[in-house]
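Worksheet for the structure shown next.
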Amino acid sequence: MEADPAGVLTGAHYFDGDFACGEGAMAAGCRFVAGYPITPSTEVVERISRRFPLIGGTFIQMEDELASMAAVAGASWTGTKSMTVTSGPGFSLMMENIGLATMMELPCVVVNVQRGGPSTGLPTMVGQADIMQARWGSHGDYETIALSPQSPQEAFDLVIDAFNLAEIYRTPVMFMMDECVGHMSEKVVIPKPEEIEIVPRKLTTKSPEEFLPYVPDENLVPEFARAGDGYKFHTTGLTHDERGYPVMSAECQELNVRRLVDKIRRNAEKIVRFEEEATDGADVVLITYGITARVARMAIDIARKKGVKVGVIRLIVVWPFPEKHIRELAKKIKAFVVPEINYGQIALEVERCSAGNAATRLVSHMGGGVHNPQDIVDAILEAAK
Amino acid sequence: MSRTEVRITGFGGQGVVLAAYIIGRACSVFGGKHATMTQSFGPEARGAACSATQIISDTEVLYPYIVRPDILIVMSSDGYDTYRDELKDDGILIYEKDLVHPILKKRQPSFGIPSTRIAESLGRTIVQNIVMIGFFGAVTQIVSREALRKGVEASVPPGTEELNLKAFEAGLAYFDDEYGKKKTKKPAKAAAAGKSD
Amino acid sequence: MSKVIDRPEVAKEQHPVAPLLRMDRIPHIWCPGCGIGTVVKCFATALQETEVDLNKLAIVSGIGCSGRAAGYMKLDGFHTTHGRAIPFATGLKLARPELKVVVFSGDGDLAGIGGNHLIHSARRNQDLMVILVNNFNYAMTGGQNAPTTPTPAKTSTMPYGNFEHPFNVPHLVASCGASYVARWTSLHVRRMTKSFKEALNRKGFRFIEVVTPCATLYARLNKLGLGLDLMRFYHQESEIRNGADTRDVAIGYQSKIICGKFVDEDRPSYLETMHEYYRKVLGDKYVPTPPEGGMLREQN
């Protein structure tokens, strides 16, 4: 469906990534946000708290991030598109109820404007070291969806996709920004409401008598009934059957958790999204995401001038990972070069998928800044040898 | 492929970030260029040294931080002391004439303006940064005066447009009076265009 | 192989609150002599007698013995994470304000791990009804020390007796700003039911503590007898003092339990305050979340 015009500030703006993300959420139809201030993400909720009372949304600043994520889970049961926003330390606290939202299968978006870690780390400076946490930060087995924007414009565009994916797969979606994109201002063009495609909450058409809350459809996604519509359903963070009743058995665990994981894995090819350039005939392929993707493009230009055949894959959806594609590519190239602002996270995934067919060369930066393009150039030249 | 790096510095309360924001908005939204702004974040403090950077380019800005600015706008002596060595050897220095007393270098064209005094004469010191934007526009010609004017108009609080536009015009006029008509110095357009990268 | 024998000649007995329970989940997990079932029964009776729209009523629990209540009631029932029932309920309420949202959980869940949410929710006078079942220990996990355990009661993690000062929970929430605060024991079924009925029709943060026996752990570890012995104790040692100053209602070990309705003030709730404030500062520009919620629907 088309976006609700109330949430869409059509026009050309000059926004930082945080503001753009907030505007994107409102354009996507988000009408409930619970959050707790944390640098460098706070501007997202500052933007939203100013605009929500004018467009029918509710923002509440909770007492901590545990509460913020719990409130988002509760709100999602009303069919309201819901979001919370944080950075590393808060992301850690949210993991408990990201697990709950995963188990209850609640569409919602969790924005993490990544800063340097571990612990309090570098509050005002960039990092990309929560990428693995986004995937498996909560306990137990599950699969997640995560996106990573490289610019304020993409912070706007992709957060809408994040909301849509959350609806399609009934799962929390991680929106993995970074401090650099969050605090960088650039031109952001917001289209007209009718040009923005929104996936609305799909409600069950069954009657309360015949409805069971966890019967999966052909995509392994169950039908949704919202709280207050007379369905009187039960839901729990415990392992549960199709009625939403707790069942403490290996059999039920097998059915419940396998489906939760397969819901993403079996649809992975539909969810993965990346930009690919000049990988045909390349010797070296860069795998990039977020702000690092931009800096890497400078390195690619320099390396090409030196005669190296370099291609690039920019991950837009980081999780699920384009596993199949990387496997195929590994058979055709010499090496992957993976620059990231951490000590090797996506590089591990690339290495796993290359299965020894191509080398994987990590270019790590421990955070607090972006790569010196020359470091990436050096890695490309080494890899091409 | 041009890339012009600009640093604006002053003390908290002078509107350093807003000035950078307006320049970026004017260049990108109204001037058809790419402009990427980053600002230094720290604990909030009025009166402390403050800085923001702008990268203005005809193509997408890939590297988001400045390396050595082509243009340094200084509105406080603290800011000058902190950032003066960073300015490119042939970079342009734009400064608040009453507050900053720079050691001028031969290869660095420099342009001073008593922007605070001008703002005071308009009735509100607070528009000092807007006077500076007008002056910056006239000195560098990095973007059309019209685009900058639109940037100012669209970015200041509603109801203050008139005063701010007056301040903007005053900045332009000061350049025309002091540097333009007398032709003691030419607009620094060539230098501002930056080096190819 | 078991076979269900249908005996239609025998009239099926039904518990009076059975329509409000998920009978397909009965028998419940609670021990003989436990008081939680009594609280559920009183709550169900209150729902029947107040004739609230059950389609618009949600029950939210955390983790623990009392946390299972949400699973046995035929309502929109949410069994959430440990300590987070109140913030979860907050999201539910604010995103669909027409719902009545009731939090039903235990002392460890609400005052221990969820203590921060409890005080902030009371501070906001959030539009939630909170039933805190206090059995003085963490029963689900084997009788460990709770923030409500009186000194020097024994628990499995204070085997020599508890030396930590416990919370006086009614005083805690009253001093934070809750507009309705009451305490009963599971013996006081009529008064407890009346409190539930009252609270269901109030706004703001409504808090009712119910002291219940944990025969299996707390009573056994402290050699206090069976559930029935504790009920006898409540009969002898509880004192009804409506309007009591909550500073005076702390519970000591096997000492007098002051019960009653301590606070019942007509103060603006969170939602009332928010609407009023935004209307004042934003005027006609204020667009509140509609009562039926913030879900966007296709315009036809």
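Nothing here was measured: the structure is a model prediction, and the numbers come from that model. Within every chain, numbering begins at 1; the chains are lettered A, B, ... in the order of the sequence lines, protein sequences first and strands thereafter.
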Legend entry - Residue among A:G11, A:G369, A:C180 with most heavy-atom pairs under 4.5 Å to chain B: A:C180
Legend entry - Engaged part of B:V67 at the chain A interface, taking heavy atoms whose separation is under 4.5 Å: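 Neither part, no heavy atoms under 4.5 Å.
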Inset, instruction - Grab the two heavy atoms, one from B:Y21 and one from A:Y14, that are nearest each other, plus how far apart they are. - result: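 Where B:Y21 meets A:Y14 most closely, the heavy atoms are CE1-O, 3.0 Å.
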Inset, instruction - Would you name the heavy atoms of B:L62 and A:M298 that are closest together and state the gap between them? - result: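 What the structure gives for the nearest pair is CB-CG, 3.5 Å.
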Is it true that, when you exclude [X] itself, more than 12 heavy atoms of the residues, nucleotides or ligands shown sit nearer than 6.0 Å to its [atom1]?
| X | atom1 | answer |
| --- | --- | --- |
| B:K166 | NZ | no |
| B:K97 | NZ | yes |
| A:R304 | CZ | yes |
| B:R84 | CZ | yes |

Inset, instruction - Find out whether A:V295 and B:P64 are in side-chain contact, i.e. whether some heavy atom of one side chain is under 4.5 Å from a heavy atom of the other. - result: yes
Inset, instruction - Could you tell me whether the side chain of A:V126 reaches within less than 4.5 Å of the side chain of B:Y65, counting heavy atoms only? - result: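 Result yes, sub-4.5 Å side-chain heavy-atom pair found.
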Show me the side-chain donor-acceptor pairs of residues 127-137 of chain B shorter than 3.5 Å, one per line, residues at least two apart or across chains.
from	atom 1	to	atom 2	distance (Å)
B:Q128	OE1	B:S115	OG	2.9
B:N129	ND2	B:G15	O	3.1

Which donor-acceptor pairs under 3.5 Å do the side chains of residues 283-290 of chain A make with protein atoms, sequence neighbours left out?
from	atom 1	to	atom 2	distance (Å)
A:Y289	OH	A:E340	OE1	2.5
A:Y289	OH	A:N342	ND2	3.3

Legend entry - Spacing of A:E186 atom CD and B:R25 atom CZ [to the nearest 0.5 Å]: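 It is 15.0 Å, given to the nearest 0.5 Å.
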Inset, instruction - To the nearest 0.5 Å, tell me how far B:T36 OG1 sits from A:D16 CG. - result: 12.0 Å
